[in-house]
Amino acid sequence: MGVGVGLAEVILNLRHLEVFREVMLAESVSKAARNLGRTQPAVSATIANLERDIGYELFERKNGRLHPVPEAYYLLAETEEIIGRMGALERSMKEASGVDASQLRIACMPIIAEFFLPRLIARFSETHPKASFFLVSPSSILVYERIASQQFDVGLAERGQGSDLVNEEPIEGDCLCALPAGDPLAAKPFITPNDLKGRACATFLPDHYITRRLREIFADAGEPLEVRFELQNAAAQYPLVSEGVAFGVLSPLNAWIYRETQQKPDAIRFVPMKPAIPYRFAILTPAHRTLSRLAQTFVGDLRSELIEVLGRVASDA
């Protein structure tokens, strides 16, 4: 029986794995027994029970010593991962049980974690001086994971496949074509793929939703999308657009951040696209943990601020 099949067919005892790991690391049953505070016969019996459970020997017995077989090294690597994950889970659960109701734990996609959210937090702190904040800014996929762990109060992420562990409040706004202010197209009420024929495009990486949707609408219009710059984020696209090197298609949040943070906010003109490219994101909360009143109030403020920003961007376009 192969090692993969054996591990799939049995339920391993975590305590047996801990003893097995100690024997492997100590390279001696007697030393492992001392390290574990157990007798040598007890450790030997645990190893024998583990071997019985998986259906084959993990050690060869030669001259009173145990010599690991090749499968033992595979099991050691898997055991290290299992025990490490169990330790992390234990620490996380202890941390979660001790979270103060006055602390807000927030996971937010990078696009607005560096400016939009800190500004909102600053204003919120003025009216809630006893509140404290723990903010991380992973990718949207990882934001979902943080909220699913039930250890974070609020998340903000581009919409994913969803999870039974996460409550989603969807929010949507249309993307905008970014053009240099002096471009003749900037005066148009909207931009189509035909208007952009032959122009260089700066966009996100190939698997990003906006890039994929751009390719689709250009293909539907029978026009090639001339991608010259594939970039990690919108901030890298701003200079290319403002200098007239390329056009871009950015989310309404990107457009708002540009206007709020750049020294020359009028260097780029944001114009609606047709067909529209909706930008879908969501406020996330844990599905199996009741939010504190503080967190509920923060979610309400976050919702209001996002709706206001999207409305402002739409009216300015």
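The first residue of the sequence shown is numbered 1, and numbering continues consecutively from there.
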With no hydrogens and no angle check, is any side-chain donor or acceptor of R38 less than 3.5 Å from a backbone partner on V43?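 Judged by distance alone, no pair lies under 3.5 Å.
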Look at atom [atom1] of [X] and say whether more than 12 heavy atoms of other residues, nucleotides or ligands are closer to it than 6.0 Å.
X	atom1	value
E80	CD	yes
R15	CZ	yes
I141	CD1	no
D164	CG	no

Hey, what's the ring geometry for F152 with F134, parallel, tilted or perpendicular (30° and 60° as the breaks)?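 If you compare the ring of F152 with that of F134, the planes turn out tilted.
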Between L240 and L231, is a side chain to side chain contact (heavy atoms under 4.5 Å, CB included) present by the stated rule, with each step listed? CA-CA 11 Å; L240 297 172; L231 306 166; 3.6 Å; yes
Quick one: do L135 and L284 end up in the same hydrophobic cluster if we chain Ile, Leu, Val, Met, Phe, Trp and Tyr together by side-chain heavy atoms under 4.5 Å apart?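 No, it is not one cluster - the side chains of L135 and L284 are not joined through contacts under 4.5 Å.
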Check the hydrophobic clustering (I, L, V, M, F, W, Y; side-chain heavy atoms under 4.5 Å; chains of links allowed) and say if L75 and L25 are grouped together. no
Check whether any side-chain heavy atom of [X] sits under 4.5 Å from a side-chain heavy atom of [Y], and report yes or no.
X	Y	answer
D316	W256	no
I111	F116	no
L156	I106	no
D174	M273	no

Please step through side chain to side chain contact (heavy atoms under 4.5 Å, CB included) for the pair C177 and L196, ending with a clear verdict. CA-CA 10 Å; C177 183; L196 300 167; 4.2 Å; yes
Salt bridge check, R312 against E308: does any charged N sit closer than 4.0 Å to a carboxylate O?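 Counted as a salt bridge, because a side-chain N and a carboxylate O are separated by less than 4.0 Å.
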Pair E18 + R21, salt bridge at N-O below 4.0 Å: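 Here E18 does not pair with R21 in a salt bridge, since their nearest N and O are not under 4.0 Å apart.
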Partners of R293 by side-chain hydrogen bond (donor to acceptor under 3.5 Å, both in side chains), sequence neighbours excluded? none
List the steps, then state whether salt bridge (Lys or Arg N to Asp or Glu O under 4.0 Å) holds for R123 with D301. CA-CA 10 Å; R123 289 204 303 269; D301 287 2; over 6 Å; no
Taking atom types as modelled, is there a side-chain donor on T192 or D195 under 3.5 Å from an acceptor on the other?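 Yes - a donor-acceptor pair under 3.5 Å links their side chains.
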Of E158, E172, R159, which is the lone residue that meets side-chain hydrogen bond (donor to acceptor under 3.5 Å, both in side chains) with Y279? E158
Kindly determine whether Y258 and Q237 satisfy side-chain hydrogen bond (donor to acceptor under 3.5 Å, both in side chains), including the steps that lead there. CA-CA 11 Å; Y258 177 82; Q237 298 178 42; over 6 Å; no
Evaluate I47 against L58 for side chain to side chain contact (heavy atoms under 4.5 Å, CB included), listing each step before the verdict. CA-CA 8 Å; I47 295 298; L58 293 166; 5.6 Å; no
